[in-house]
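What follows is a set of notes on a single structure, which appears directly below.
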Amino acid sequence: MITVIDYGMGNLHSVSKAVERLGSDVTVTSDPEQILSSAGAILPGVGAFGDAMRNLTETGLKDTVLQYARSGKPMLGICLGMQLLFSESEEYGHHQGLNLLPGKVVKFQGDYKIPHMGWNRLQFRQQSPILDGLEEGYVYFVHSFHVQVESDSHLIATTDYHQPVTAVVGHQNLYGMQFHPEKSGELGMQLLRNFLEMAKTEPVQA
Amino acid sequence: MLTKRIIPCLDVKDGRVVKGVNFVNLRDAGDPVELASIYDREGADELVFLDISASYEGRATMVEVVKQTAGEISIPFTVGGGISQVEDMTRILRAGADKVGINTAAVNNPQLISDGARRFGSQCIVVAVDAKYNEDWQEWEVYTHGGRNATGIRALEWIKRAESLGAGEILLTSMDADGTKDGFDIALTRAVSSEVTIPVIASGGAGTKEHFHDVFTEGKADAGLAATIFHYKELTIEDVKQHLRERGVEMR
């Protein structure tokens, strides 16, 4: 069973539908026990960083997510869900993140269109099970803030939008995608499929 | 680099696609879900559904269409038509649409843009604008109610205001070009795209592959939308994309 963590943010329907189409059982839930007992968890998110952290804290799901991250079972943050994995964000003020990965969420700044919206090409930076069997291609982004990783060892893929932009991150059992794999055609579905494959194997020992 | 987007638009009435659709191997030419899947497979970068139902029942049917479509396709889609309050947005977005398009309701009540953006994020709010050149003003005027009512509002001013209220994208239809197949309205598109920093989808007038090239290069559009030429297979999405790639425009 895969769980999509429902903490009151984001488009949960399309993520869960995509997982279902790939043949995995999936539940959208805010029940900590159900989340903790699932083989893989997805942290979605559309909206503002501060609101999301507040919702996670108020619902008590922050602890659940932190506990899940330590379980060694695969967890995937999507879009804002990926940004939340990092230490801090400067989106409308200053906010602490889940601090599972070191790095900072900053605003795009420059004389170009913001949000970064549309299809952009992934460039793979290192090997990772999340990229197994895949070739570089296009995925769908919508975001005005992006992640500056502290350690390049966490950077699995980037895209180019007036600068290199963090697109896929990973560390042990934790993964994050800035774009929407569930809206990114065949390549997006393959990335999700690789994540679901990990959920079928034994937990990574942290 | 960010690619330019090609977006087919489907007009839906009471849960059925209207306007001619001329695909072969269709089980049912009026089924929006089936057509959406076909366009997804053919390489569309996004889809727009325009709900032209006039009744409450028709609108309710649209929610079902959105749910089914969200389960079938893996590209983003926008739903416009009949969205006049935040509750309508909630219903459509919950059903699985990625964005909502608002037009007349936004002109009547601009706060709808900011309310929607605050609730769902700017990226969800597409402000659709029907514009027509006004000879007296020597610039474009906003029309509402499907192009029937002139508003006396200058299009460029309105679009800048929509952006400042939190619109995430502009779906810009030229009423002068719409239906002509003579090409997109380059002057209008360029004027709007230069005024705002959010993406602009150009609509109305597409007839050839070259028209897409023109609107992306000279018109500075971020996306090009068309209905008839795709529905009647006068052009396939791949034809257009291949042509644009050859001309050096980045495509998915």
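Just so you know, these numbers come straight off a predicted model, no measurement behind them. Chain naming here is simple, since letters A, B, ... match the order of the sequence lines and numbering starts at 1 in each.
Of the two parts of T69(B), neither the backbone nor the side chain holds a non-hydrogen atom closer than 4.5 Å to a non-hydrogen atom of chain A. Both the backbone and the side chain of R252(B) come within less than 4.5 Å of a heavy atom of chain A. Looking at S184(A), the atoms closer than 4.5 Å to chain B (heavy atoms on both sides) all sit in the backbone: N, CA, C or O. Contact annotation for A95(B): only backbone heavy atoms (N, CA, C, O) come within less than 4.5 Å of a heavy atom of chain A. For E250(B), the part sitting under 4.5 Å from any heavy atom of chain A is the side chain, from C-beta outward, and nothing else. Both the backbone and the side chain of D45(B) come within less than 4.5 Å of a heavy atom in chain A. Heavy atoms closer than 4.5 Å to chain A are found in both the backbone and the side chain of V200(B). Residue contact with chain B, scored on non-hydrogen atoms closer than 4.5 Å, involves the side chain of M189(A) exclusively.
Exactly one of I42(A), I35(A), V65(A), T3(A) qualifies for a side-chain contact (heavy atoms from CB on, under 4.5 Å) with M75(A). That residue is V65(A).
For E238(B) and K241(B), the salt-bridge test fails: no basic side-chain N is under 4.0 Å from an acidic carboxylate O. Between R119(B) and E87(B), no side-chain nitrogen of the basic residue sits less than 4.0 Å from a carboxylate oxygen of the acidic one, so the salt-bridge criterion is not met. One finds a salt bridge joining R5(B) and E169(B) here, because a Lys/Arg side-chain nitrogen approaches an Asp/Glu carboxylate oxygen to under 4.0 Å.
Each of I73(B), D40(B), V196(B) has some count of heavy-atom pairs under 4.5 Å with chain A, and the biggest count is that of I73(B). Here P199(B) is the residue among A223(B), P199(B), G121(B) with the most heavy-atom pairs under 4.5 Å with chain A. Ranking H143(A), K17(A), M117(A) against chain B, the residue ahead of the rest is M117(A), based on heavy-atom pairs under 4.5 Å.
Residues L112(B) and V86(B) share a closest heavy-atom pair of CD1-N, 3.7 Å.
The OG1 atom of T90(B) sits 3.5 Å away from atom CZ of F120(B), with the distance rounded to the nearest 0.5 Å.
Side-chain N/O atoms of R193(A) and Q190(A) include no donor and acceptor closer than 3.5 Å.
Other residues, nucleotides and ligands place no more than 12 heavy atoms under 6.0 Å from the OH atom of Y92(A).
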